[in-house]
Amino acid sequence: MIDEQPWEEIKESLKVGTKLKGVVTKHWPFGIFVALPGIKFTGIVELGNFKDEGFMTRDEYPAVGSSVDVVVRAFKETGQQIWLGMKPSQLN
């Protein structure tokens with residue numbers, strides 16, 4: 001079981017809008033998983049959060065192991081996930 005205190009600390013320190021660099025760890029039909037430096041919780045970029053217009057297709061995903069720029073969009077309590085975005089408008 002994950003200790004609740006570190007999750008609360010992560011939510012306080014990251015705040016929505018925080019920009020980070022991460023590494024793509026997995027591809028899934030709904031998006032990608034991203035490892036964030038020094039954070040043990042999962043980061044997820046869903047299909048609608050890659051491009052400003054249109055949706056990403058699986059064959060356009062960044063390669064597993066590649067470095068990506070992301071921004072914190074939200075925190076999902078169930079599963080303690082960090083929802084991320086990669087839209088150019090979010091990163092600029």
Side-chain angles (χ1 to χ4, degrees):
M1 175 126 181
I2 297 172
D3 181 15
E4 292 295 324
Q5 187 58 36
W7 173 244
E8 294 302 320
E9 289 174 11
I10 291 297
K11 291 192 309 181
E12 284 297 313
S13 66
L14 283 183
K15 304 282 186 209
V16 170
T18 302
K19 295 176 186 174
L20 302 164
K21 276 207 176 289
V23 175
V24 178
T25 59
K26 294 180 191 173
H27 290 175
W28 285 93
F30 58 82
I32 61 171
F33 286 90
V34 177
L36 302 169
I39 299 171
K40 66 181 180 178
F41 300 100
T42 304
I44 298 173
V45 181
E46 295 177 305
L47 287 177
N49 287 296
F50 285 96
K51 298 178 177 182
D52 285 320
E53 294 185 24
F55 284 92
M56 189 79 134
T57 62
R58 288 187 77 178
D59 56 328
E60 295 177 288
Y61 285 173
V64 170
S66 65
S67 178
V68 291
D69 292 319
V70 295
V71 63
V72 176
R73 292 184 45 253
F75 297 94
K76 182 179 177 191
E77 295 299 324
T78 305
Q80 296 180 323
Q81 300 168 342
I82 303 167
W83 289 13
L84 306 169
M86 292 177 60
K87 291 180 180 182
S89 63
Q90 294 169 328
L91 294 170
N92 292 328

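What you see below is based on every heavy atom in this structure, not just the backbone, and it leaves out hydrogens, waters and symmetry mates. Owing to the predicted nature of the structure, the values given are computational and were not obtained by experimental measurement.
Applying the side chain to side chain donor-acceptor pair (under 3.5 Å) test to N92 and every residue at least two apart in sequence or in another chain returns nothing. Residues passing the side chain to side chain donor-acceptor pair (under 3.5 Å) test with Q81, sequence neighbours excluded: W83.
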Full working for side chain to side chain contact (heavy atoms under 4.5 Å, CB included) between L36 and L84:
CA-CA 11 Å; L36 302 169; L84 306 169; 4.2 Å; yes
Step by step, would you call I44 with I82 a side chain to side chain contact (heavy atoms under 4.5 Å, CB included)?
CA-CA 6 Å; I44 298 173; I82 303 167; over 6 Å; no
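Annotation: side chain of W7 is in contact with side chain of F75 (closest heavy-atom distance under 4.5 Å). Using a 4.5 Å heavy-atom threshold, the side chains of V71 and V16 count as separate. In this structure, K15 and V72 have side chains that are not in contact, with every pair of non-hydrogen atoms separated by 4.5 Å or more.
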Side-chain donor-acceptor distances from residues 20-30 under 3.5 Å, at least two apart:
| residue | atom | partner | partner atom | Å |
| --- | --- | --- | --- | --- |
| K21 | NZ | D69 | OD1 | 2.6 |
| T25 | OG1 | F33 | O | 3.3 |
| H27 | NE2 | P62 | O | 2.7 |

What side-chain donor-acceptor pairs closer than 3.5 Å can you find for residues 45-55, not counting sequence neighbours?
| residue | atom | partner | partner atom | Å |
| --- | --- | --- | --- | --- |
| N49 | OD1 | R73 | NE | 3.2 |
| K51 | NZ | E60 | OE1 | 3.2 |
| K51 | NZ | E60 | OE2 | 2.9 |
| D52 | OD1 | S89 | N | 3.4 |
| D52 | OD1 | S89 | OG | 2.4 |
| D52 | OD2 | S89 | N | 3.2 |

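Panel note: side chain Y61, backbone I32; no donor-acceptor pair is recorded below 3.5 Å. A side-chain donor-acceptor contact under 3.5 Å links K19 to the backbone of L91.
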